[in-house]
Amino acid sequence: MSDDADAIRNWWRTSIIDMEPGKIAFRGHPIEDLIGNVSFPQMIWLMTAGRLALPEEAALLEAALVAGVDHGPQAPSIAAARMTATCGVGLNNAMANGVNMLGDVHGGAGEQCAELYYDINARIEFGEAFDDAVQSGLDAWRAQNGKIVSGFGHRFHKPIDPRAPRLMTIVRDAAKAGTVKGRYADIGEAVQANLSTRKPLAMNIDGATAVIFCELGFPAPLSRGLFCLSRSVGILSHAWEQMQQGGRNKGPMPPAYLPKYDKV
Ligand SMILES: CC(C)(COP(=O)(O)OP(=O)(O)OC[C@H]1O[C@@H](n2cnc3c(N)ncnc32)[C@H](O)[C@@H]1OP(=O)(O)O)[C@@H](O)C(=O)NCCC(=O)NCCS
């Protein structure tokens with residue numbers, strides 16, 4: 001092969017898919033062996049993490065994906081998708097707008113929370129006592145990010161976000177069965193207890209799913225992507241529902257109400 005042909009061929013390199021006419025294989029598994037035999041969470045795992053997860057591991061990932069699908073039209077990402085759906089564009093545009101609103105404060109907090117959990121775990125592995133590691137990890141977090149700790153607190157669900165205790169029960173059961181170690185469940189609960197000394201503070205969906213993603217070994221930045229996959233289901237459903245309801249150019253407030261004008 002000429003140098004040019006090699007340079008062209010090597011422009012994109014991937015270990016994800018081996019595709020040529022008549023052949024599609026993911027991470028070494030022919031697609032025809034995967035179809036009908038693996039679950040969608042197992043497929044997500046295979047694509048992102050590179051190996052075929054055990055069904056028990058994939059069930060834990062699935063629980064996190066189910067928990068995060070939707071939080072209603074008052075959530076900025078869902079409202080944005082619904083507004084977009086009234087603007088004469090396609091479902092993909094509505095979905096993209098919704099997903100684009102998932103950031104550090106809304107829906108993307110899991111990534112930062114996973115970083116905190118991993119940092120606390122590293123401190124434990126470095127020899128700090130568990131409680132000291134939780135405290136020093138939180139101190140380091142606050143020094144860098146301020147007092148608000150991602151993954152905790154909720155505007156509506158006070159003092160308990162109903163998704164978190166259920167997810168933690170599932171993680172604890174998985175730890176009992178030997179699927180995961182349970183270390184990050186300990187860390188997550190210890191962080192919540194630490195933050196709740198003055199007033200109870202909920203572990204929210206991001207804090208709970210970060211426990212699962214860390215237990216399963218997903219790197220922190222992937223947490224955000226996995227949450228986006230989950231929330232995409234709600235975003236799609238709301239955009240579709242809005243299209244069925246009709247409505248044109250629907251803004252953030254009913255037209256009878258106008259934003260307050262600040263006189264200059
Ligand atoms: C979600 C959030 C915006 C809710 O804010 P809120 O409704 O103003 O929170 P509350 O009214 O319950 O706050 C009560 C107290 O707890 C504090 N608090 C709230 N969330 C906190 C957090 N994550 N870490 C530390 N302290 C927190 C508040 O500052 C407030 O303290 P104060 O009484 O001294 O003023 C906030 O908790 C937050 O930013 N959390 C982190 C980001 C996150 O995880 N987002 C995903 C949400 S699903």
Side-chain angles (χ1 to χ4, degrees), residues 61 63-82 97-121 123 131 133-171 184-215 218-235 237-238 252:
L61 173 61
L65 295 174
V66 166
V69 287
D70 186 21
H71 201 251
Q74 85 292 332
S77 53
I78 302 290
R82 293 192 76 121
N97 275 359
V99 171
N100 261 332
M101 298 202 61
L102 298 173
D104 288 351
V105 179
H106 171 39
E111 176 179 352
Q112 298 150 323
C113 187
E115 277 166 10
L116 170 68
Y117 292 163
Y118 279 133
D119 176 55
I120 291 172
N121 186 52
R123 288 164 192 271
D131 290 342
V134 170
Q135 189 59 58
S136 66
L138 277 169
D139 291 344
W141 165 276
R142 290 194 187 102
Q144 203 178 341
N145 304 289
K147 81 159 191 170
I148 300 292
V149 179
S150 298
F152 296 87
H154 202 285
R155 215 173 285 289
F156 299 104
H157 309 304
K158 302 171 198 283
I160 292 173
D161 178 335
R163 298 165 290 189
R166 176 67 185 137
L167 286 173
M168 295 304 283
T169 300
I170 291 172
V171 178
Y184 291 98
D186 293 341
I187 291 174
E189 284 174 357
V191 169
Q192 185 185 12
N194 187 300
L195 295 176
S196 297
T197 44
R198 196 170 51 89
K199 188 171 155 190
L201 197 64
M203 176 190 277
N204 64 39
I205 180 70
D206 296 307
T209 52
V211 165
I212 291 186
F213 298 145
C214 290
E215 290 283 355
F218 285 100
L222 262 180
S223 300
R224 184 179 295 220
L226 293 170
F227 182 81
C228 288
L229 287 182
S230 165
R231 187 50 65 90
S232 291
V233 176
I235 290 172
S237 311
H238 281 277

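Residue indices begin at 1 and follow the sequence shown. Indexing begins at 1, ligand by ligand and atom by atom, following the structure's order.
Counting heavy-atom neighbours within 6.0 Å of Gln74 CD, excluding the residue itself, gives a total above 12. Within 6.0 Å of atom CZ in Arg166, 12 or fewer heavy atoms from other residues, nucleotides or ligands are found, so the atom counts as exposed in its surroundings.
Considering backbone and side-chain N/O atoms, Asn204 comes within less than 3.5 Å of an N/O atom of ligand 1. Distances between N or O atoms of Lys158 and those of ligand 1 include at least one value under 3.5 Å.
Taking the six-membered ring for Trp, Tyr118 and Tyr184 have ring centres closer than 6.0 Å. Residues His157 and His71 bring their aromatic ring centres within 6.0 Å.
With a heavy-atom cut-off of 4.0 Å, Gln112 does not touch ligand 1 at all.
Nearest-heavy-atom check against atom 45 (N) of ligand 1 across Ile148, Leu138, Val105, Asp104 picks out Val105. The residue among Arg142, His106, Met203, Arg155 with a heavy atom at the shortest distance from atom 5 (O) of ligand 1 is Arg155. Ranked by closest heavy atom to atom 35 (O) of ligand 1, the top entry among Lys147, His71, Arg163 is Lys147.
Shortest contact from atom 46 (C) of ligand 1 to any protein heavy atom: Asp206 OD2, 3.1 Å. Summary of contacts: the protein heavy atom closest to atom 48 (S) of ligand 1 is His154 CD2, 3.6 Å. With respect to atom 16 (O) of ligand 1, the closest heavy atom belonging to the protein is Leu201 CD1, 3.9 Å. With hydrogens left out, the protein atom closest to atom 32 (P) of ligand 1 is Arg198 NH2, 3.5 Å, a heavy atom. For atom 40 (N) of ligand 1, the closest non-hydrogen atom on the protein side is Phe152 O, 3.0 Å. Closest to atom 1 (C) of ligand 1 among all protein heavy atoms lies Gly153 O, 3.8 Å. Regarding atom 22 (C) of ligand 1, its nearest protein heavy-atom neighbour is Val149 N, 3.4 Å.
Within a 4.0 Å radius of atom 13 (O) of ligand 1, the protein contributes no non-hydrogen atoms. Distances from atom 25 (C) of ligand 1 to the protein include at least one heavy-atom value under 4.0 Å.
Here is the list of ligand 1 atoms found below 4.0 Å of a heavy atom in Gly151: 43 (C), 44 (O). Applying the 4.0 Å criterion to heavy atoms of Ala109 picks out, from ligand 1, the atoms 43 (C), 44 (O), 45 (N). For ligand 1, the atoms sitting less than 4.0 Å from at least one non-hydrogen atom of Lys199 are 14 (C), numbered in the order shown with element in parentheses.
Here the straight-line distance linking atom SG of Cys113 with atom CE of Met203 works out to 7.0 Å at 0.5 Å rounding.
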(request) Take Asp70 and Ile78 through the side-chain contact (heavy atoms from CB on, under 4.5 Å) test and state the conclusion after the steps. (result) CA-CA 8 Å; Asp70 186 21; Ile78 302 290; 3.4 Å; yes
(request) Start with the C-alpha gap between Val99 and Ile235, add the side-chain angles, then the distance that decides, and say whether side-chain contact (heavy atoms from CB on, under 4.5 Å) holds. (result) CA-CA 8 Å; Val99 171; Ile235 290 172; 4.0 Å; yes
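Between Asp104 and Arg224 a salt bridge is recorded (basic side-chain N to carboxylate O distance below 4.0 Å).
Checked by atom type, the side-chain pair Asn194/Gln135 shows a donor-acceptor distance below 3.5 Å.
The backbone N or O of Ala114 sits nowhere less than 3.5 Å from a side-chain atom of Ser223 that would complete a donor-acceptor pair.
Residues satisfying the side-chain hydrogen bond (donor to acceptor under 3.5 Å, both in side chains) test with Tyr117, not counting sequence neighbours, are none.
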